[in-house]
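Encoded as structure tokens, the structure appears first; notes follow it.
Since we're looking at a predicted model, the values are computed, not measured.
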Amino acid sequence: MAKEYRTIQEVAGPLMLVQGVEDVAYNEMAEIELANGEVRRCKVLEINGPNALVQLYDAATGINLESSKVRFLGRTMELGVSPDMLARIFNGMGEPIDDGPEILPEKRLDIDGLPMNPSARAYPQEFIQTGVSAIDGLNTLVRGQKLPIFSGSGLPHSQLAAQIARQARVRGKDEKFAVVFAAMGITFDEANFFMESFRETGAIDRSVMFINLANDPAVERIATPRVALTAAEYLAFELDMHVLVILTDITNYADALREVSAARKEVPGRRGYPGYMYTDLATLYERAGRQRGKVGSITMIPILSMPEDDKTHPIPDLTGYITEGQIILSRDLYRRGLQPPVDVLPSLSRLKDKGIGEGKTRADHANTMNQLFAAYARGKDCKELMVILGEAALTDMDKLYAKFADEFEQKYVSQGYMTDRSIEETLSIGWELLRILPRSELRRIKDQFLDEYYEEK
């Protein structure tokens, strides 16, 4: 029986100080029972001798210091997991919100998970097809990778996230594939968009959704990605599924971290974020990957909206250090109507070379990828020259490159949010664009591939 305390000293915002406690541990879950019998959840943030600083998961209103009592439960926060979680929608704490029955858990897992031993990691090297050419063709996603999307306020990262969740698959193998989708601090309209999008396309059948709304408590926002990753670890490493985890929006998560840190009166770091934010983000991102001897895998796409489109802001900056690349959305391309507005030149997938080539995508993939990058970069330079000096100052070859850049954006990058392209379609569009340029300009492609694909009409 959990010991009860009636020694609440003070309540300040989401924090509560309980005195005279014994055998209470950091991160331990607790319950506070009000005089009317209502029970609210909380967890231990800090222990200082006989005093425990406790954080409430619910509102502090109505708590009477004299008549309320606190029970410490002797365990950390846990998620009940079961195969029945698939095709279900939960709140940020793992409770069903889709009018379905409660989950009967096969087991209960600590939401903080177990860190993966680096020596037990298997190297990511299998191609995941997202159906989005700008990702598949140029910044390939590999199974077990962490590939964030850097967006900005008002940019359509939600549409891109939903598209990837609907379309992502492992090619050529009949393997169990699932999507774990966690949304933090989003509006009701955004939550509704994701739920309807998943239901309409049938993607919900292989998905587990965790939705934390903007009006939910900040401390729940901190738990949401951990709850989602616990579900992903269960599906991947116990049910042998290949799981794609999409977390949106990491900026809302970091802001909740800052809010809780300020309430604890911790010394702030850059821009008011806590100094341990790097470590905290790493505890999320590093739960992705593959384990030796395990069939399943966790691939992660965190999405973050950069405040003021600033790549040097602490959240994208620290995320870039921990993850293996980034997909960057461009406000300029968005204004010009490109869907999705992926800016391929500053985007990067550090593991793309491991997931492409013979037997994975196609033998010509690496060559055409390098040539498309080079031609698009030169084409953009030529377009800038045209703006400054006028079209008359460009050579005929420069004009071809400028035409290539325009066609590349319209045909390759911009495909709409409902188009699902196979990697063969993506490569074919790439070759179609490269035929704008004379063969002598395609110096990054081996002759055998030029002989096979360049002459095709």
Side-chain angles (χ1 to χ4, degrees), residues 127-143 147-152 154-172 177-179 181 190 193-207 244 246 248 299 301 303 326-345 347 349 352 355-356 360-362 364-365 368-369 372-373 375-376 379 404-436 453 456:
F127 170 67
I128 290 180
Q129 180 175 294
T130 65
V132 180
S133 292
I135 297 175
D136 292 349
L138 301 174
N139 295 291
T140 313
L141 179 65
V142 182
R143 186 189 285 173
L147 186 62
I149 295 175
F150 287 7
S151 180
L155 293 182
H157 47 265
S158 296
Q159 287 92 319
L160 182 58
Q163 181 177 17
I164 293 171
R166 288 194 309 267
Q167 298 176 177
R169 63 180 56 87
V170 179
R171 287 164 42 88
F177 190 79
V179 174
F181 183 90
E190 287 177 292
F193 163 76
F194 283 121
M195 290 189 282
E196 290 305 313
S197 172
F198 278 48
R199 283 181 178 130
E200 282 170 13
T201 57
I204 189 73
D205 294 339
R206 57 168 190 172
S207 303
L244 175 65
I246 298 176
T248 179
T299 307
I301 299 182
I303 297 172
Q326 68 276 333
I327 303 295
I328 296 181
L329 301 190
S330 159
R331 200 167 293 280
D332 174 54
L333 296 181
Y334 174 62
R335 287 195 188 107
R336 283 160 42 203
L338 270 68
Q339 297 180 337
V342 176
D343 196 348
V344 297
L345 293 181
S347 295
S349 169
K352 62 188 173 192
I356 63 175
K360 293 177 181 176
T361 52
R362 209 167 72 183
D364 61 311
H365 190 159
T368 52
M369 174 180 70
L372 286 167
F373 267 124
Y376 181 50
F404 173 89
D406 287 333
E407 295 275 320
F408 176 82
E409 289 174 355
Q410 293 301 325
K411 293 184 177 176
Y412 195 97
V413 176
S414 186
Q415 65 179 72
Y417 298 111
M418 301 308 294
T419 305
D420 185 0
R421 288 179 181 166
S422 69
I423 187 62
E424 287 78 17
E425 287 177 76
T426 292
L427 292 169
S428 295
I429 294 168
W431 277 108
E432 185 186 320
L433 292 165
L434 290 172
R435 292 188 198 111
I436 293 171
Y453 298 107
E456 285 181 15

Inset, instruction - For the residue pair Leu427 and Tyr453, establish whether any side-chain heavy-atom pair is separated by less than 4.5 Å. - result: no

Inset, instruction - Enter the distance from Leu155:CG to Leu333:CG here, rounded to the nearest 0.5 Å. - result: 10.0 Å

Legend entry - Heavy-atom pair with the smallest gap, counting every atom of Gly137 and Tyr412: CA-OH, 3.3 Å

Legend entry - Beyond-backbone contact of Arg421 with Asp136, side-chain heavy atoms, under 4.5 angstrom: no

Inset, instruction - Provide the closest heavy-atom pair for Pro340 versus Val132 in the form atom of the first, atom of the second, distance. - result: CG-CG1, 4.1 Å

Legend entry - Spacing of Phe150 atom CZ and Ile303 atom CD1 [to the nearest 0.5 Å]: 12.0 Å

Legend entry - Rounded distance (nearest 0.5 Å) linking atom NE2 of His157 with atom OH of Tyr334: 10.5 Å

Inset, instruction - Evaluate the side-chain proximity of His365 to Thr140: yes if any heavy-atom separation is below 4.5 Å, no if none is. - result: yes

Legend entry - Thr426 and Thr361, any side-chain heavy atoms less than 4.5 Å apart: no

Inset, instruction - With the side chain counted from C-beta on, respond yes when Gln159 and Gln163 share a heavy-atom pair under 4.5 Å apart, and no when they do not. - result: no

Legend entry - Closest non-hydrogen atom pair between Val179 and Ala165, with its separation: CG2-O, 3.6 Å

Legend entry - Under 3.5 Å donor-acceptor, Arg143 side chain and Leu244 backbone: no

Legend entry - Residue pair Thr368 / Arg362, side-chain heavy-atom distance below 4.5 Å: no

Legend entry - Approximate separation, where rounding is to 0.5 Å, of Ile149 CD1 and Ile328 CD1: 11.5 Å

Inset, instruction - Could you tell me whether a side-chain N or O of Glu425 sits under 3.5 Å from a main-chain N or O of Ser422, the two making a donor and an acceptor? - result: yes

Inset, instruction - Please state whether the rings of Phe408 and Tyr376 are parallel, tilted or perpendicular, taking 30° and 60° as the class boundaries. - result: tilted

Legend entry - Thr130 backbone acceptor or donor facing Gln167 side chain under 3.5 Å: yes

Legend entry - Within-4.5 Å side-chain heavy-atom neighbours: Leu138 and Val342: no

Inset, instruction - For residues Ile204 and Phe181, determine if any side-chain heavy atom of one lies less than 4.5 Å from a side-chain heavy atom of the other. - result: no

